Number of protein chains: 2
Amino acid sequence: MDKIKVILVDDHKIFRDGFRMLLQSFSFVEVIAEASNGNEFLSLIEDHSADIIFMDINMPQLDGVEASQKALEKYPDLKIIALTTFLDDDYLEQMLMAGVEGYMLKSAEIEEFEKAIVKVYEGGNYFSDEIVSLLSDKLNMLRKKRKKKDDLPEFTDREKEVLELICKGYGNKQIAEATFLSIKTIEKHKSSLFQKTGTYNTVNLVIYAFKHQIIKF
Amino acid sequence: MDKIKVILVDDHKIFRDGFRMLLQSFSFVEVIAEASNGNEFLSLIEDHSADIIFMDINMPQLDGVEASQKALEKYPDLKIIALTTFLDDDYLEQMLMAGVEGYMLKSAEIEEFEKAIVKVYEGGNYFSDEIVSLLSDKLNMLRKKRKKKDDLPEFTDREKEVLELICKGYGNKQIAEATFLSIKTIEKHKSSLFQKTGTYNTVNLVIYAFKHQIIKF
DNA sequence: ATGCGAAGTAGGGAAAACCCCATTGTACAT
DNA sequence: ATGTACAATGGGGTTTTCCCTACTTCGCAT
């Protein structure tokens with residue numbers, strides 16, 4: 001079996017040296033190239049076909065987030081494992097959205113790296129426990145924030161029905177046709193919605209609905 | 001040290017029986033109660049102070065999602081570990097948003113449950129690898145969908161300016177005042193926006209903007 | 001049994017949004 | 001220099017939205 005070809009991207013030479021040694025100690029891994037920032041990496045992948053990229057996030061010139069995005073745009077099958085030092089990481093969401101296959105701390109145990117490489121190489125993904133915890137915490141924060149804001153008023157059935165249609169982009173006339181009611185009635189229901197939500201026209205109402213997640217995308 | 005007090009919620013008695021036995025085999029765990037659906041669980045927690053809840057998701061009467069939401073509303077410090085059978089789970093996001101501390105497959109290994117209980121009891125959280133993979137896949141799907149849709153038209157500076165104000169809920173008059181232009185001009189810019197986006201009124205335009213993430217919440 | 005409030009149904013008229021069309025200015029190419 | 005393209009600015013007139021008011025129905029409490 002061929003060795004798994006790995007590229008290292010990190011701005012600290014010392015870290016790369018240490019990490020390369022660690023990886024080479026796995027018999028099934030070969031470090032085929034290194035880059036010290038995003039730009040260097042992007043030109044590098046033109047000439048090398050790697051299986052897995054270990055990508056630092058904080059780097060000068062072009063950081064890991066943008067480098068990953070650009071690389072994946074051109075080579076969507078690239079498998080990237082993001083590396084981060086601390087847990088106060090604001091880039092987590094961005095990096096996940098960029099489409100990385102793994103995310104772990106530089107301080108992880110040797111066995112973790114081994115596990116991660118194998119899993120990602122086989123088409124899976126790997127996230128260290130700390131990262132998962134962090135993500136979960138962020139979700140919780142989000143939830144609490146929403147909860148606080150959500151003293152939503154109560155809507156009647158008709159109002160909910162009308163609001164749904166409004167948020168689909170229907171005008172009063174179309175809503176009237178869809179519900180077999182007169183335009184005037186629709187207008188009244190909208191008026192009630194305005195009052196209950198503290199808005200004063202349709203656009204505001206739609207914005208309100210989106211912000212309070214009453215409607216789904 | 002006291003035993004960790006656990007409540008089981010699942011509609012299948014056989015599963016509860018087997019799972020209880022499994023848990024009791026850990027010397028540090030005590031199953032103090034069981035419920036066969038969400039409603040039963042909600043009345044149960046009034047009388048029991050549990051450390052950890054194992055909560056099935058698909059249940060008759062009141063499912064795991066709503067039960068968890070309601071329970072956590074009343075007792076925010078409750079620690080819930082969600083259990084699911086299959087991986088085709090549409091409730092994943094909802095359950096995470098509800099604020100569960102863990103999420104795992106019923107088919108998990110014994111050691112996994114042990115690990116999960118300890119971690120969650122100590123204030124952490126636990127998600128099985130399969131769940132994490134699923135979540136990551138969903139994120140990837142989301143990303144790809146956004147990418148595909150994002151052949152957004154190009155807007156002129158004025159148009160962007162007007163669009164921003166529209167999405168703040170401003171009417172034509174207010175936008176005109178804010179930009180020192182005539183209402184008619186604003187109307188024309190909006191008209192251009194309609195054409196470029198394929199929409200035909202302000203409400204539709206706002207919806208378009210939200211869906212394509214042109215504006216931020 | 002009756003009264004009272006809340007939801008659902010509309011009309012008339014004012015205000016805002018929208019469509020078709022015209023003018024000006026600017027950049028860029030021939 | 002001149003034509004083409006397009007952004008930016010607006011006017012006139014129609015359509016839609018919005019506000020104020022009114023009537024009916026239904027549940028529910030006195």
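All chains are named by letter (A, B, ...) in the order of the sequence lines, taking the proteins before the strands, and each is independently numbered beginning at 1. Because the structure is a prediction, the values reported are computed rather than measured.
- With rounding to whole Å, E154(A) atom CD is found 13 Å from dA6(C) atom P.
- A salt bridge does not link E30(B) to K5(B): none of the charged nitrogens lies less than 4.0 Å from a carboxylate oxygen.
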key: Test log, rule side chain to side chain donor-acceptor pair (under 3.5 Å), inputs Y200(A) and Q195(A)   = CA-CA 8 Å; Y200(A) 49 93; Q195(A) 248 197 318; over 6 Å; no
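- Here dT16(D) presents its C1' atom at 17 Å from CG of L205(B), a figure rounded to the nearest Å.
- Phosphate contact (OP1/OP2 of dC6(D), side-chain N/O of T156(B), threshold under 4.0 Å): absent.
- Checking dA8(D), dG10(D), dA10(C) against every side-chain atom of H189(B), the shortest atom distance belongs to dA8(D).
- Between the CZ atom in F54(A) and the CD1 atom in I81(A) there is a gap of 4.0 Å [rounded to 0.5 Å].
- Between the side chain of N204(B) and the main chain of G169(A), a donor-acceptor pair closer than 3.5 Å is present.
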Any N/O pairs under 3.5 Å between the protein and nucleotides 26-28 of chain C? List them or say none.
none

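- When the P atom of dA8(D) is taken as reference, atom CD of Q195(B) falls 15 Å away, rounded to whole Å.
- With hydrogens and angles ignored, the 3.5 Å screen pairs a side-chain donor or acceptor of Q174(B) with a backbone N or O of G171(B).
- With sequence neighbours excluded, the residues forming a ring pair (Phe, Tyr, Trp, His ring centres under 6.0 Å) with F113(B) are F19(B), listed by chain and number.
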Which atom pairs, donor and acceptor, lie under 3.5 Å between side-chain atoms of residues 6-15 of chain A and protein residues at least two apart or in another chain?
residue: D10(A); atom: OD1; partner: H12(A); partner atom: N; Å: 2.7
residue: D10(A); atom: OD2; partner: K106(A); partner atom: NZ; Å: 2.8
residue: K13(A); atom: NZ; partner: D17(A); partner atom: OD1; Å: 3.2
residue: K13(A); atom: NZ; partner: D17(A); partner atom: OD2; Å: 2.9

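- Of the side-chain N and O atoms in T185(A), one or more sit less than 4.0 angstrom from OP1 or OP2 of dA10(C).
- S133(B) contributes a side-chain N or O that, together with a main-chain N or O of D129(B), makes up a donor-acceptor pair within less than 3.5 Å.
- Terminal axes of the helix from dA1(C)-dT30(D) to dT30(C)-dA1(D) (five pairs each, C1' rotation axis) are separated by 30°, to the nearest 10°.
- For the pair L193(B) CG and dA7(D) C1', the interatomic distance rounds to 13 Å; values are reported in whole Å.
- At dT9(D), none of the side-chain N or O atoms of S182(B) fall inside 4.0 Å of OP1 or OP2 (strictly under the cut-off).
- Between the CG atom of N204(A) and the P atom of dT17(D) there is a distance of 15 Å, given to the nearest Å.
- With K196(B) contributing its side chain and E154(B) its backbone, the two residues share a donor-acceptor pair below 3.5 Å.
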message = Strictly under 4.0 angstrom, non-hydrogen atoms only: write out the protein contact profile of nucleotides 15-23 of chain C, one letter per nucleotide from the 5' end, B, S or -.
response = --BBB----
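- Partner of V203(A) under the side chain to side chain contact (heavy atoms under 4.5 Å, CB included) criterion, chosen from L205(B), N201(B), I207(B), T202(B): T202(B).
- Partner N172(A) forms a side chain to side chain donor-acceptor pair (under 3.5 Å) with one of E177(A), H189(A), K190(A), K184(A) and no other, that one being K190(A).
- Two residues are said to be in side-chain contact when any heavy atoms from C-beta on lie closer than 4.5 Å; M55(B) and Y103(B) fail this criterion.
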Tabulate protein N/O versus nucleotide N/O from nucleotides 23-29 of chain D, keeping only pairs under 3.5 Å, one per line.
none

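- Taking the side chain as every heavy atom from C-beta outward, D51(B) and K79(B) never approach each other to under 4.5 Å.
- Summarising the geometry, the separation between NZ on K160(B) and P on dA7(D) is reported as 12 Å, rounded to the nearest angstrom.
- With rounding to whole Å, I186(A) atom CD1 is found 11 Å from dG8(C) atom P.
- Within the 6.0 Å centre-distance limit, the rings of F210(B) and F210(A) are counted as a close aromatic pair.
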